[in-house]
Student: 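Got a structure for you, written out below as structure tokens; questions coming shortly.
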There are 2 protein chains.
Amino acid sequence: MPLPQTEVPGRLQAQFTERGIRMTQQRRAILSVMETATKHLDAAQILRKAQRLDSTVDRSTVYRTLRLLKRHGLIDELDLMHINGEGHYYERRLGRDHIHMACLRCGKITEFVSNSFEKLKQQVEKDCHFRVVVSRLEIGGYCSECRGGAQ
Amino acid sequence: MPLPQTEVPGRLQAQFTERGIRMTQQRRAILSVMETATKHLDAAQILRKAQRLDSTVDRSTVYRTLRLLKRHGLIDELDLMHINGEGHYYERRLGRDHIHMACLRCGKITEFVSNSFEKLKQQVEKDCHFRVVVSRLEIGGYCSECRGGAQ
DNA sequence: TTAAGTGCAAATATTTTGCTGTCAC
DNA sequence: GTGACAGCAAAATATTTGCACTTAA
């Protein structure tokens with residue numbers, strides 16, 4: 001039942017071709033941004049970066065493309081515990097789910113892959129008769145650097 | 001003018017007194033809504049319900065009170081996997097965290113309390129040296145009624 | 001008394017939509 | 001050629017803020 005880890009850490013673009021989704025210049029720019037991102041980006045940041053690759057990219061195209069990627073399960077939408085307002089963040093979805101931890105003091109985001117998380121999802125499938133498609137575990141708290149003293 | 005407050009003053013209100021937070025007529029209405037809610041409400045729904053208890057409650061007071069409750073860890077903010085748009089939902093925070101499962105087909109929200117979830121959080125504390133304060137696990141998928149056939 | 005809280009209106013985000021022209025296939 | 005996709009502008013949502021008045025403690 002777990003997804004085969006066959007996902008080549010290559011191209012979102014390849015996924016598009018494979019699924020017969022039409023490729024455009026603008027989508028290529030947005031996909032490239034998502035592929036090369038080193039941190040979680042919100043829609044405004046994605047727009048800005050995409051426009052550096054293709055100045056014609058419009059805000060609405062970013063939202064439409066994000067929705068498309070989400071529908072196809074190629075990206076995840078995160079809130080990062082709303083540490084910086086009510087916005088949303090996006091990241092490429094790779095083979096394995098990971099936990100996001102947000103430090104309530106310094107704002108640092110840490111990721112953590114855990115077998116127990118996978119087992120927990122299996123338990124949900126079994127005990128709740130619920131077919132798990134996507135999941136998101138976000139934790140707010142204090143990172144090792146910030147938890148000294150009174151925290 | 002006293003509120004038509006038939007409910008027993010609940011725990012949220014007691015928490016306010018306990019923490020020395022000033023109580024107002026408007027906050028009492030909002031707290032009462034949160035205390036008696038039987039499902040997850042968004043800000044607009046909370047406003048509407050609170051106004052039925054006290055017609056003077058303003059939208060901004062709702063947002064300000066929700067922020068206050070969140071800061072004090074008395075409510076949780078949820079997205080329910082953004083099944084119905086990009087809005088946010090709120091629920092009272094009770095003793096035990098629970099998992100939210102959202103059916104991608106019928107929209108039903110199910111809750112699940114799991115010991116494994118508690119253990120997972122303990123593992124994060126230990127392995128990541130991260131002090132867990134709040135956590136949120138949301139799962140999107142198909143409930144038992146909706147998973148027949150091709151799902 | 002007085003600092004905290006409130007409504008109101010306006011300002012900010014954030015996301016979506018209608019329309020018309022364009023482009024990938 | 002044609003249906004999907006684009007930009008643009010405006011609408012629809014969602015949330016926050018400045019300010020003068022009110023109120024809980």
Side-chain angles (χ1 to χ4, degrees), chain A residues 12-33 40-48 50-51 53-72 75 77-90, chain B residues 1-3 5 9 12-31 33 40-48 50-51 53-72 75 77-90:
Chain A
L12 274 180
Q13 295 193 25
Q15 294 282 328
F16 264 46
T17 312
E18 210 169 281
R19 294 166 194 240
I21 306 171
R22 184 174 294 190
M23 182 55 64
T24 67
Q25 187 182 321
Q26 292 83 356
R27 284 180 177 174
R28 212 181 325 266
I30 295 166
L31 264 48
S32 174
V33 168
H40 309 95
L41 304 172
D42 64 20
Q45 293 168 318
I46 293 167
L47 172 63
R48 221 175 312 122
Q51 284 180 333
L53 299 177
D54 173 353
S55 62
T56 75
V57 173
D58 187 72
R59 186 188 320 281
S60 56
T61 300
V62 167
Y63 280 108
R64 287 192 269 236
T65 303
L66 288 175
R67 198 192 306 164
L68 180 68
L69 286 163
K70 212 166 40 163
R71 261 210 314 272
H72 282 267
I75 59 170
E77 186 174 17
L78 309 169
D79 305 283
L80 303 179
M81 292 315 273
H82 298 293
I83 265 190
N84 297 307
E86 301 297 305
H88 300 118
Y89 299 86
Y90 302 87
Chain B
M1 108 185 153
L3 278 178
Q5 176 87 17
L12 274 181
Q13 295 192 29
Q15 293 283 328
F16 264 46
T17 312
E18 211 169 281
R19 295 167 194 238
I21 306 171
R22 185 175 294 191
M23 181 56 64
T24 67
Q25 187 181 320
Q26 291 84 356
R27 285 180 176 175
R28 211 180 329 265
I30 294 166
L31 263 47
V33 168
H40 308 95
L41 305 172
D42 64 20
Q45 292 169 317
I46 293 167
L47 171 64
R48 221 176 312 123
Q51 284 180 333
L53 299 178
D54 173 353
S55 62
T56 74
V57 173
D58 187 72
R59 185 189 320 280
S60 55
T61 300
V62 168
Y63 281 108
R64 288 192 270 235
T65 304
L66 288 175
R67 198 192 306 165
L68 180 68
L69 286 163
K70 215 167 35 166
R71 261 210 314 272
H72 281 267
I75 60 170
E77 186 173 17
L78 309 169
D79 306 283
L80 303 179
M81 292 315 274
H82 298 293
I83 265 189
N84 297 307
E86 301 297 304
H88 300 118
Y89 298 86
Y90 301 88

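Below, chain A is the first sequence line, B the second, and so on; all start at residue 1.
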Student: Relative to the 5' end of DNA chain D, which residue comes earlier, A/T56 or B/A43, by the nucleotide with the nearest heavy atom?
Tutor: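 Between the two, 5'-proximity favours A/T56.
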Student: Can you check the B/Y90 OH to D/dA14 P distance for me, whole Å?
Tutor: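 To the nearest whole Å, that distance equals 11 Å.
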Student: Between D/dA6, D/dT16, C/dT15, which nucleotide has the shortest distance from any of its atoms to the side chain of B/Y63?
Tutor: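 Within the option list, the nearest is D/dT16.
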Student: From the list C/dA24, C/dT15, D/dT23, which nucleotide is the closest neighbour of the side chain of B/E86?
Tutor: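 Nearest listed nucleotide: C/dT15.
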Student: Expressed as a whole number of angstroms, how long is the span from B/R67:CZ to C/dT6:P?
Tutor: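 Going from CZ in B/R67 over to P in C/dT6 covers 12 Å.
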Student: What contact category does B/R27 fall into here, base, sugar-phosphate, or nothing, at under 4.0 angstrom with non-hydrogen atoms?
Tutor: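 Sugar-phosphate only.
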Student: Which value, rounded to the nearest 0.5 Å, describes the distance between A/H72 atom NE2 and A/R67 atom CZ?
Tutor: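 Atom-to-atom, A/H72:NE2 and A/R67:CZ are 12.5 Å apart.
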Student: Between C/dA4, C/dC23, C/dT6, spot the one nearest the side chain of B/R22, thanks.
Tutor: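 Nearest nucleotide to the side chain: C/dA4.
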Student: Give a yes/no on whether any side-chain N or O of A/T24 is located under 4.0 angstrom from OP1 or OP2 of D/dA6.
Tutor: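 Checking D/dA6 against A/T24, a side-chain N or O does come within under 4.0 Å of OP1 or OP2.
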Student: Assuming nearest nucleotide by heavy-atom distance, tell me which of B/V57 and A/D42 is located more 5' along DNA chain C.
Tutor: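 Taking each residue's closest nucleotide, the earlier one in sequence belongs to B/V57.
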Student: Using only side-chain N and O atoms of B/H82, determine if any of them is under 4.0 Å from OP1 or OP2 of C/dT15.
Tutor: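 The answer is no; no side-chain N or O of B/H82 sits under 4.0 Å from OP1 or OP2.
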Student: In this structure, how many angstroms lie between the C1' atom of D/dT15 and the CG atom of A/D79, rounded?
Tutor: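 Roughly 15 Å, once rounded to whole Å.
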Student: Whole angstrom is fine here: how far is it from CD1 in A/I46 over to P in C/dT14?
Tutor: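 Distance check: A/I46 CD1 to C/dT14 P gives 13 Å.
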Student: Show the nearest heavy-atom pair for residues B/L53 and B/A29, with the distance to one decimal.
Tutor: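 Answer, listing the atom of B/L53 first, then B/A29: CD1-O, 3.6 Å.
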Student: Quick one: B/Q26 CD to C/dA4 P, roughly how many Å, whole number?
Tutor: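 About 17 Å, once rounded to whole Å.
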Student: Given atom CD of A/E77 and atom C1' of C/dT15, what is their separation to the nearest angstrom?
Tutor: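 In whole Å, C/dT15 C1' lies 11 Å from A/E77 CD.
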Student: Looking at every heavy atom in both A/R27 and A/F16, which two are closest together, and how far apart are they?
Tutor: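 Heavy atoms of A/R27 and A/F16 come nearest at CD-CE2, 3.9 Å.
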Student: Is B/Q51 reaching over with its side chain to a backbone N or O of B/R48, donor-acceptor style, under 3.5 angstrom?
Tutor: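 Looks like no, no N/O pair under 3.5 Å.
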Student: Between atom CZ in A/R64 and atom C1' in D/dA6, what is the gap in whole Å?
Tutor: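 Spelled out: CZ on A/R64 to C1' on D/dA6 is 7 Å.
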Student: Using the side-chain heavy atoms of B/S60, tell me which of these nucleotides is nearest: C/dT15, D/dT17, D/dA24.
Tutor: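 Out of C/dT15, D/dT17, D/dA24, the nucleotide with an atom closest to B/S60's side chain is D/dT17.
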Student: Please lay out, stage by stage, how B/D79 and B/H88 fare under the test side-chain contact (heavy atoms from CB on, under 4.5 Å).
Tutor: CA-CA 5 Å; B/D79 306 283; B/H88 300 118; 2.7 Å; yes
Student: Find the distance A/Y89:OH to C/dA13:C1' and express it as a whole number of Å.
Tutor: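 Checked: the OH to C1' distance equals 13 Å.
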